[in-house]
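Below is one structure, written out as structure tokens; comments come after it.
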Amino acid sequence: MPRKFYITTAIDYPNGSPHMGHAYEKLISDCYARWYRFRGDQVHFLTGTDENGQKLVRAAEEAGEPTKDFVDLQVDKFRKLCADLGLSHSDFIRTTEARHKEAAQELWERLQKKSKIYFGQYEGQYCLSCEAFYTELQAADGKCPAHGSPLERVKEDGYFFKLSEYAEWIEAHIRDNENFVWPKAAHSEILNRIRSEKIRDLSVSRPNHSWGIPVPGDEKHVMYTWFDALINYWSAVRNSEEKWWPASVHVIGKDIVWFHAVIWPCLLKAADLELPEQVFVHGMVLGQDGRKMSKTLGNGVDPYQIIGQFPLDSFRYYLLRAIPSGGDGAFVIKDLVMRHNTELANDFGNLLSRVVKLALKKGGETWESRREDRSFDFPKLFEKLEGSMTRREHHRALESLWLQINQLNLYLNDQAPWKMEAGSEALKSCLSNALFGIFGTAVLAQAFLPEVSRKILQTLGQPEVLGPEVLAADSVSFRLQSPEPLFPKIEWKEES
RNA sequence: CGCGGGGUGGAGCACCUGUGGUAGCUCGUCGGGCUCAUAACCCGAAGGUCGUUAGUUCAAAUCUAACCCCCGCAACCA
């Protein structure tokens, strides 16, 4: 029976255009979605947009457009990004959709019925321009960190979620489930924070300015954006809840760990819903100077500087390989080009050329690889990749894959099949081994380099999508086609 | 101040976080091999006291402590 794997990205806040971080998170998630699909699991892969909150209303005002029109337009950009990245997502959710509204309201009512939400008063330092409260910690001097203007002491009516009731429970849950927040650094950081901060009840409503999801039974309030945003993971699969819930992995960035590792599980617990298995925190794509990408520093790289300029698989490969999962990494276009030219073109692409061309010359189109002749242990390599992927170390999976590619190149140099006599057994066995080696590598590379793998399999005369079981098949036959360069070299000059 | 991440041959990074045991990868430099292939592939060499200091240990880049430096935690922003 196939296992199920439900993976999500964070939903994006579309007040600006998609940036590198969005692309990174989506590509990582896509890689895992494809890997689990490859190993035979039933996969549901969700991404989408978070469209509530006053910040969007303000952004629309600044753009001089009605909020809804503005948001629709922005969301299209994110949809386009998904398409341009070749994402294999199963669903794209918008928090302005009816299905989400209904789900959020249902969850609210559930919590209210169980008295986990109550009506109260919020008192704090409030910035009028931000329409947000700041804690003593954020604004120690009583001034708005964003505007520098003095904050007002404001009392406001609103709804609260009894987060404090769950303080001990969530600490225990995180402590006892080492994989719940991953990687380890994120796990200990959040645990640390829970222990040092008093968990207080969470304000979950805002005054209704006709944008947002109305609080059931009280039109004067809408849900706080974060409250409803988290629920998207549930609302997207509510119609087939028994099939997909709970989520297997929420892939998120560092800045929203608290919401996903603390608030979200507590909400679910309070509503008697099952908890996600894992919150996977990825690192940040930094600017080429190794600092956080920012407009003021001008060190940012827009995803659209890459998409269309460089092959998609090279972009994917670079992000997945050059930035260790869980850590931060600088995005340097020159390095992307270098990895494309050396690792992809020279190591991998050239390997395909040299083997297939030689095979065509020496033995024609039809080749067969039998299990007893094989020099390479792909089932074992699969296990290795499986281990890396389970630990969410996709960069190591790629490293293992490349070790295999290097081994193949070395094998050819050692065997020197071009010196062997045409028609000899030695030649036949050497080349069928090499062909199987490429085949196995391409099969395993599907989650990482979908487009390229497809082309390789096609060159070998194999079906487009294959699972790990073919690696142990008794016999695989190839019907070779003349290969075209998989990775034409890229000429690229600094500051072009 | 506090929290978190990092400091490894000329450059960029693994390992450390999965088990402490001759320091590994890519690029660059130098020399060699091969000629099937996308001027590609393979081998070898030079180059590091793994931020500093102290400690634990038969043995530390890896564990412990202190310190120094860089980055993120306010804004565009995952």
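Naming: A, B, ... by sequence-line order, numbering from 1 per chain. Reckoned from all heavy atoms, side chains included, excluding hydrogens, waters and symmetry mates.
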Figure out the [atom1]/[atom2] separation between [X] and [N], and round it to whole Å.
{"X": "A:D335", "N": "B:rC13", "atom1": "CG", "atom2": "C1'", "answer": "10 Å"}
{"X": "A:E399", "N": "B:rC15", "atom1": "CD", "atom2": "C1'", "answer": "9 Å"}
{"X": "A:F78", "N": "B:rC77", "atom1": "CZ", "atom2": "C1'", "answer": "11 Å"}
{"X": "A:I323", "N": "B:rG12", "atom1": "CD1", "atom2": "C1'", "answer": "13 Å"}
{"X": "A:D302", "N": "B:rA78", "atom1": "CG", "atom2": "P", "answer": "14 Å"}
{"X": "A:L401", "N": "B:rC25", "atom1": "CG", "atom2": "P", "answer": "18 Å"}
{"X": "A:F331", "N": "B:rC77", "atom1": "CZ", "atom2": "C1'", "answer": "17 Å"}
{"X": "A:H395", "N": "B:rU26", "atom1": "NE2", "atom2": "P", "answer": "16 Å"}

Lys/Arg N to Asp/Glu carboxylate O, A:D12 vs A:K26, below 4.0 Å: yes

N-O pairing of A:R321 and A:E343 below 4.0 Å: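 Result for this pair is yes, salt bridge flagged.
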
Intra- and inter-strand pairs of RNA chain B in dot-bracket (Watson-Crick or G-U wobble, both distances under 3.5 Å; | for another strand): .((((((..((((.......[..)))).(((((.......))))).....(((((..]....))))))))))).....

First encountered from the 5' end of RNA chain B, between A:A185 and A:D328: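 On the 5' side of the pair lies A:A185.
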
Closest-nucleotide 5' rank along RNA chain B - winner of A:D255 and A:N192: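 It is A:N192 whose nearest nucleotide is closer to the 5' end.
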
Test: A:R316 cationic atom under 6.0 Å from A:F448 six-membered ring centre, within 45° of axis: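 No, a cation-pi geometry is absent between A:R316 and A:F448.
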
What contact category does [X] fall into here, base, sugar-phosphate, or nothing, at under 4.0 angstrom with non-hydrogen atoms?
{"X": "A:K362", "answer": "nothing"}
{"X": "A:D12", "answer": "nothing"}
{"X": "A:P183", "answer": "nothing"}
{"X": "A:G253", "answer": "sugar-phosphate"}
{"X": "A:V285", "answer": "base"}

Any side-chain N or O of [X] less than 4.0 Å from the OP1 or OP2 oxygen of [N]?
{"X": "A:H22", "N": "B:rA78", "answer": "yes"}
{"X": "A:R321", "N": "B:rC13", "answer": "no"}
{"X": "A:K292", "N": "B:rC73", "answer": "yes"}

Same-atom distance ([atom1]) from [N] to [M], integer angstrom:
{"N": "B:rC13", "M": "B:rG48", "atom1": "C1'", "answer": "15 Å"}
{"N": "B:rG44", "M": "B:rG4", "atom1": "C1'", "answer": "44 Å"}
{"N": "B:rC43", "M": "B:rC34", "atom1": "C1'", "answer": "10 Å"}
{"N": "B:rU26", "M": "B:rC69", "atom1": "C1'", "answer": "27 Å"}

side-chain hydrogen bond (donor to acceptor under 3.5 Å, both in side chains) between A:H260 and A:Y233, intermediate numbers included: CA-CA 11 Å; A:H260 285 80; A:Y233 304 128; 2.7 Å; yes

Other residues, nucleotides, ligands: >12 heavy atoms within 6.0 Å of A:Q305 CD: yes

A:E484, CD: over 12 other non-hydrogen atoms inside 6.0 angstrom: no

Judged by modelled atom types alone, do [X] and [Y] share a side-chain donor-acceptor pair under 3.5 Å?
{"X": "A:S314", "Y": "A:R339", "answer": "no"}
{"X": "A:Q404", "Y": "A:T441", "answer": "no"}
{"X": "A:R392", "Y": "A:Q278", "answer": "yes"}

With A:E386, the salt bridge (Lys or Arg N to Asp or Glu O under 4.0 Å) member among A:R39, A:R396, A:K380: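 Checked A:R39, A:R396, A:K380 against A:E386; only one passes salt bridge (Lys or Arg N to Asp or Glu O under 4.0 Å): A:R39.
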
Might you list the N or O atoms of the protein lying below 3.5 Å from N or O atoms in nucleotides 41-45 of chain B, with each pair's distance?
{"residue": "B:rC41", "atom": "OP1", "partner": "A:D347", "partner atom": "OD1", "Å": "3.4"}
{"residue": "B:rC41", "atom": "O2'", "partner": "A:R354", "partner atom": "NH1", "Å": "3.0"}
{"residue": "B:rC41", "atom": "O2'", "partner": "A:N413", "partner atom": "OD1", "Å": "2.7"}
{"residue": "B:rC41", "atom": "O2", "partner": "A:N413", "partner atom": "ND2", "Å": "3.1"}
{"residue": "B:rC42", "atom": "O4'", "partner": "A:N413", "partner atom": "ND2", "Å": "2.8"}

Residues which pass side chain to side chain donor-acceptor pair (under 3.5 Å) with A:S164, listed by chain and number, not counting sequence neighbours: A:D201

